[in-house]
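I have placed the structure first, in the form of structure tokens, so that the comments after it can refer back to it.
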2 protein chains.
Amino acid sequence: MPRNRRPQDRDEKRDEIVRAAELLFTRDGFAETPLSKVASAAGVTTNTIYWYFADKDALLVGVLDRVLHEALAEAAALPDRPWDEQLLWALARLQRYHRLVTVVHARANSSKVIDSWHTGFHDLADAMLVEGFREAGAAEDDLLLRAQLAVFVIEGLLMHPHDESAARSMLRLLVPTAS
Amino acid sequence: MPRNRRPQDRDEKRDEIVRAAELLFTRDGFAETPLSKVASAAGVTTNTIYWYFADKDALLVGVLDRVLHEALAEAAALPDRPWDEQLLWALARLQRYHRLVTVVHARANSSKVIDSWHTGFHDLADAMLVEGFREAGAAEDDLLLRAQLAVFVIEGLLMHPHDESAARSMLRLLVPTAS
DNA sequence: ACCTGAACACCGTTCAAGT
DNA sequence: ACCTGAACACCGTTCAAGT
């Protein structure tokens, strides 16, 4: 039996599909881009997508995983900065995914895979923000509350047009060390 | 020319369609309920909906207007209460519309009518919350900021499962007079 | 003015058939 | 294992035709 027959090829093709979907989902929207467009952008036929993904929602999860890991890698490579600037950086970095934010919330109610991804994302985000607020000197007993609140505010800013200064002062309200 | 030929009938039928749509959109979701189900629940044929609404998005706006006005009427009939309890009441009252919240954000990116409704909703919500925070004794220069922040937090709570106590303490964080 | 039956275009998904 | 052509089911929307 040929174990690992051509795992590289398989992953590469899967990746091409995900990359095509990422571009289209973030630019045009998830409901607005038919799988046929993803397929032609990836240079495959529509049905081929179903060899790599169970359905359209599973493809969205593939996109979500990819963009999350990319953003995390970029964040990790960054020099240390004050906590409120880190939050501001995250907000700016995630701005390009605002259409994914809305569709994840909308489809989490109907799709099991997206609901699972969404739960996992918040677990991760909460954990990271708890750590950030702890280092920023927030009181130990409302760390999780502050983290969840910050996530809601960032999501809110992502989903609503706003100017930089409004975002800045809104996030400052959440940081304990701010004046 | 028969002015007002049967305006009552027209409004009544329109209302039946909206009520049927409200039930199905809030319970099963907007994308998940075909117009055929709305139609049969309202006792009309699918195409009849198009006599009253330009398209499915316009019907959603009809539902949004209806539920908003109802919630506002209920709120107006309430006795005066401390500000944080009013926020908590609003959160509980709007909980049943959490599926509408997510879909409005998702479709505001693609649909003009929904985007307009969404903008108008936030203008109204911000104005009401500014007034509430003013009466609650918030500093005059960050009233709007606090209002927008409170709206984001309430939307965040609506879109994510949470227990009552978490919501309570999160909203308390926003109210200036809280300890 | 109001309603309907029938049709159209589109899209997610499946499946039998290929290599 | 991987890919495709063809078909299916569904759904939003339109339109000519009725009253």
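Letters A, B, ... are given to chains in the order of the sequence lines, protein chains preceding strands, and every chain is numbered from 1.
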Which atom of B/Val104 lies closest to which atom of B/Ile114, heavy atoms considered |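 Scanning both residues, the minimum pair turns out to be O-CG2, 3.8 Å.
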Using a heavy-atom cut-off of under 4.0 Å over every strand shown, decide if B/Tyr52 touches base, sugar-phosphate, or nothing.
->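 B/Tyr52: backbone/sugar contact only, no base atoms under 4.0 Å.
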So do the side chains of [X] and [Y] get within less than 4.5 Å of each other, counting heavy atoms only?
X	Y	result
B/Leu87	B/Val153	no
B/His162	B/Leu91	yes
B/Leu88	B/Glu164	yes
A/Lys13	A/Tyr52	yes
B/His105	B/Glu155	yes

Indicate, with yes or no, if A/Leu144 and A/Val175 share a hydrophobic cluster defined by side-chain heavy-atom contacts under 4.5 Å among Ile, Leu, Val, Met, Phe, Trp and Tyr.
->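 Yes, same cluster.
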Reckon [X] has a side-chain N or O less than 4.0 Å from the OP1 or OP2 of [N]?
X	N	result
B/Arg10	C/dA1	no
B/Thr48	C/dT4	yes
A/Lys13	D/dC3	yes

Rounded to the Å, how far apart are [X] [atom1] and [N] [atom2]?
X	N	atom1	atom2	answer
B/Arg14	C/dC2	CZ	P	13 Å
B/Asp9	C/dC2	CG	P	9 Å
B/Trp51	C/dC2	CH2	C1'	6 Å
B/Lys37	D/dC10	NZ	C1'	12 Å
B/Phe53	C/dC3	CZ	C1'	15 Å

Any-strand Watson-Crick or G-U partner of D/dG18, both distances under 3.5 Å =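 Paired with D/dG18, as far as the under-3.5 Å criterion goes, is C/dC2.
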What is the base-pairing partner of D/dC8, counting Watson-Crick and G-U wobble geometry with both distances under 3.5 Å?
->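 Pairing partner, where one exists within any strand: C/dG12.
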Which parts of nucleotides 12-19 of chain C does protein reach within less than 4.0 Å, heavy atoms only, written one letter per nucleotide 5' to 3' as B for base, S for sugar-phosphate only and - for none?
-> SBB-----
